[in-house]
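As structure tokens, the structure follows; a few thoughts come after it.
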Amino acid sequence: MSGLRVSGLRAEYGAARVLHGVDLEVGEAEIAVLTGPNGAGKTTLLRALSGLVRARGTVTLDGVRLLGRRPEEIARLGVWHVTQEGGTFAPLTVRENLRVGARSGRHFAADLEWLFGYFPVLQAHLSQPAGTLSGGEQRLLAIGRALLARPRLLLLDEPLRGLAPRAEGVLFQAIHAINRHEGTMMIIVEHHVATALRIAHRSYVVESGKIADLRTRWRW
Amino acid sequence: MNAVAAGHRRLPVGHEAGDRRPDWPWRRTSLALVASAAVVLPFTLPPYRLFQLTLVLVYTVALLGLDLVVGRSGRLSLGHGAFFGVGAYTSAVLIAQFGVPYPLTMPAAALATFGLGWAAGRPALRLRGLYLAMVTFAVAVVLPPLLKRLAGLTGGAMGLTVPAPEGLLGLDDDQWVYFLVLMVTAAAFAGMRGLAGSRPGRALTALREHPAAAETLGIRAATHMTAAFAWSAMYAGVAGALYTWTAGFVSPDSFTLALSITLLAGVVIGGLGTLAGPVLGAFAVLAVPAVAQEFDPAAPGIVSGLLLLLIVYVAPAGLAGLLRRTLWGLLRRRA
Amino acid sequence: MFFQQLAEGLGAGAGYAALALALVLAYRFTGIVNFAQGELALLATYVAWQLVDSGLPYWAALPVTVAVAFTAGMLTERVLIRRVESAPGPISPVVATIGLYVLVNALAALVWSSALRAFPSPFPDAPAGLAALAAAGLAGLVLGALALVVRHTGLGLVMRAVAADPRTARLSGIRVGQVAALGWGAASAVGALSGVLLAPSLFLEPAMMTGVLVYAFAAAVLGGFDSAPGAVAGGLIVGVTETLCGTYLAFVGADLKIAVPLVLIVAVLLLRPRGLFGTAPVERA
Amino acid sequence: MKRLIMALVLLLSGCRPGEEVLAGACAGQIGTGVTATSVKVGGIYPLSGPASAYAAVAQGVRAYFAHVNDSGGVAGRRIEFLVRDDAYQPARAVEEARRLVLHDRVFALFQTLGTPSTAAVREYAHAHRVPQVFVATGATRWGTDATRPWTIGFQPSYVAEARVYAHFLAQTRPEARVAVLYQNDDFGHDLLDGFRRAIDGTSVRIVATRSYEVTDPSVQGQVANLAASGADVLLDVSTPKFAAQALAVDAAMPGWNPLHILNGVAAAPSMLKAVGHARVQGVVTAGFQKDPGAPESADDPAVGTYLAAVRRYVPEADPAGQQVVYGWTAAQAFVKVLEGMRCPSREALRAAMRDLRKVELDMLLPGITVSTGPGDAFPIESLQMARFEGSRWVPVGGVVDTRAEFGPVRADPDQGG
């Protein structure tokens, strides 16, 4: 029963129904990409998985039910959600940002070195408050924090937004390497379909709250 | 401003902003009922009860104004006790020191507090909600000592006694004052109803729900908020003038921060963003101390504190919300 | 003479700084301005008085009172504030604290009556000026310890993260509820310190903290309301100006002396909305 | 509907609705609230709110009225005493006054406490011709303002108290340099202005004055500033909480120990105990009532009846509290006025309260009597100084009749309202 199983997922904001019964799976060490028009419910799906939005249906990660738990409980089960905006603590320094949620003190130094291997830019601003970084750098910091936590399932909401083209390659190379080395399952919501599909094992197209199409790598 | 709320719960905003909760079922009939009662009561109520009812109407006008800032614009003001005081003193000083006929003191009080509201509102509204509370807090705290300092004009710490308006048309004094206050209250309600349905009213609601989105739609927050703040200060000032006519005595220590807190409690207990709210809030704020004192002198504090906490937890929509829900429940069960 | 007044100003300032810091801590962790902070401090001071009155020595009663205040603060957040946060509109939580303010004040008057009570001073035999300075020192010690915890410990890091962005903290696996409760516990403990420090000179009675709350607000806003060091500095500034104001600002006079810190508020707010030390609120749509 | 018809009828006949008009010898006078067997009066006190400490006065009044009722009442009439709460807010006081007069139909208002409430009720009492007897505030306005005859004070006015202090200083410290700490309200201003006028023509001089607001947390700053003035006398015109602070700061200043004159309002035993008797030795004040706890009162029969009555009728009251004694004394004076009425009417009550000839009261200090007359609307104008020694007040010098010493109290020229 390993991996993520989602069936009949429904969610609404007040009277506006957004998800109308979504079914999807992410297998062990797989990367799934969600594409689709704006407002199709992609972001709401991630929020439902990470507990930010109340939803109905059944969602299990390695057999453990996720729905109904508070976001911090889901996060402690190894599900890390990098939202579209935010993801960093502005007044805290970059080092402190990375420290929050990362593994215990002993591993922290080694983890940092490992992360700087992929994102050297973070090392340059280590003692700077995160609020003073550029939008792109803050994005990298947010994702860096996620990678540092070695999550079981990583939810990335438009990771490329606000990144310079050159940085896109760096980011995806890192994500790909981590997926291969750590076996982290990932769901990535991304409009730059071309770059995302290069590393994805599955891709779902989400339209008006339902899964419209599923393509897996071995069937292209 | 408050921490993350997992789900979304809509504030009672009225139909304009897509509030789908059932509206008051019999709008016409209940209005007529209230109007007729308001006219008959002064003749059937004993005079001291009438005096209490007049005070309720005076507070209603002040709460209508405060609701414009707290309910419709979602901002916290701690200064409306001070605007109430300025209105009361403007009227009292004009009558007692300069012998101005009392009806003329009403526009004077309105103008004074509108200007004060605009002056205090203009800078404060550029700041985030919390800071508006701080600026109005400062105004409320500074007013009593300031009034005492201008002793020559305001009678200082001794306060001012103001002769009550004489009854005309054969009514005795407190009935005549009651009808004066009733007329102004009706005008206040009409003004607020008109505003709620108008463009500025909707702009305020938009600004409260999502300031950034509203500004992208071209709603200039500063002007709308400042105008709303000035109008609400004027309502409080007008209520102050009515208070002077009713009570006949003003002293600096009756318009302290405590009055601002009482008004704030009243508007929340009554129900934010509704027209019935201020009336119910005024009743609650005046009835609780009177009723609670029967049990024990320290009771008013305990009872009003508990009531406030209860309202915030059990009925965030206030008494108006409760009333609406119970009546709608009855209707649905019957229909 | 000047130094004694300055010392007394710092002593009073320490009390205002403690309550201002309590307000800032409560605001940082739940985004709510706790109007009842003064009355909670009053309750803690009455508890301390009760302990000392029933025989416990002062230096044993103080830590016990701070501990009681800490748990009371956590309970207040857990029981009252937690549930009200999800209530609609930004107004409900603040009104809940106003309700608590009225309730606690009336309870204190009911239980301990409105009689005036003397409160023991930490340094009974020292001359006035020295006692005030020593009290300020005591406050400085406690606030310094708190600052160390917040700045340099894991717990402090987690608390600062929650204060900065509760949602991101949740997504990082931090139990925001517990941290907010801790924040309110610390706030209430610091508030109790303010009450205990000021009671010897103000004399304990139900209306003791009302005036102090006004000065604590002025101090907190001077500091920007979201900066702890700002609140402490603001408190000392307000304390000193209040004491020296009568002598050196004769034109203001004693009756409008309250206006001095408040005019400072309005000026600070208009010129530097963030306050002297506050951080710019990063507003993300 | 009944009232509607009655209102219309009365509208035409033009006389006052619902009052009992007497016939016979007292024709035309109003006798509402008095029957053959009872007389109903109402009092308004701040039972809740900031000034709730002063509500103890009502306990003293209740004790005396119960005592009188048990010994046959006044000329066969039992006194029914209604107590209402105004939380020290003028608007509430007027509301309660209307309720007492129109709903409870009381014969007269006996005691409203605090100048704001009294001033507000005075307008109503005057408009409806209801006596407002022996109000519990020392403002001079009740005695100097002849346009409001239905209201009269009782205790020595703040001006009388100020005169006693001036007289005491003129005798004991002719070259006194006085610093004054005063509360920024009617109580503070009245006493300070009275003192200024009373020291005219003497070599006593005021060198510094500092006021404070009731909402201030402390008066530390003010007292420190006054100390800087180098005065050798501190006139402390403050309420108990701030007086305690002033006494504590004064005691804690090694460099400055002036003669501390404490006003009568603040001289409560509980306050002095809170400050600590050791730190208030030598403080002086002026009083006009006996101290139940004093040794010379031990064998005084009047004090005996007082203590027994308080224990019996209002056990929760503190018999040593000056407020309870004050309530008892004012109630006794009221009963004397009732006995002096020629008719059971409000007009007669008003006349009687203004025609008291050297009336003796149990708890007044020997030599102090109550007297009012055509030109004198101040029932008590004599006080006696006392100094705090050991753990109680010790009388100093004889009783000072301020009316004889300084002449009648004239209205303060710039007195507003």
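Residue numbering restarts at 1 for every chain, and letters A, B, ... go by the order of the sequence lines.
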Is the number of heavy atoms from other residues, nucleotides or ligands within 6.0 Å of CZ (D:Phe187) greater than 12? yes
Working to the nearest 0.5 angstrom, can you tell me the gap between [X] [atom1] and [Y] [atom2]?
X: B:Gln52; Y: D:Arg92; atom1: CD; atom2: CZ; value: 9.5 Å
X: B:Thr256; Y: D:Gln89; atom1: OG1; atom2: CD; value: 8.0 Å
X: D:Glu95; Y: B:Thr54; atom1: CD; atom2: OG1; value: 10.0 Å
X: B:Lys148; Y: D:Asp186; atom1: NZ; atom2: CG; value: 9.0 Å

By a 4.5 Å heavy-atom criterion (distance strictly below it), what part of B:Leu55 contacts chain D: side chain, backbone, both, or neither? side chain
What pairs of residues pass the ring pair (Phe, Tyr, Trp, His ring centres under 6.0 Å) test when at least one of them lies in residues 102-125 of chain D, not counting sequence neighbours? B:Tyr48-D:His103, D:Phe65-D:Phe110, D:Phe110-D:Phe334, D:Tyr124-D:His128
Listing request: all ring pair (Phe, Tyr, Trp, His ring centres under 6.0 Å) pairs with a residue in residues 150-184 of chain B, at least two apart in sequence or in separate chains. none
Which heavy-atom pair separates D:Arg98 from B:Asp174 by the least distance, and what is that distance?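 Scanning both residues, the minimum pair turns out to be NH1-OD2, 3.2 Å.
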D:Pro90 and B:Phe249 have their tightest heavy-atom pair at CB-CD2, 3.4 Å
Can you tell me which portion of D:Glu123 sits under 4.5 Å from chain B's heavy atoms? Options are side chain, backbone, both or neither.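 Contact with chain B is through the side chain of D:Glu123 alone.
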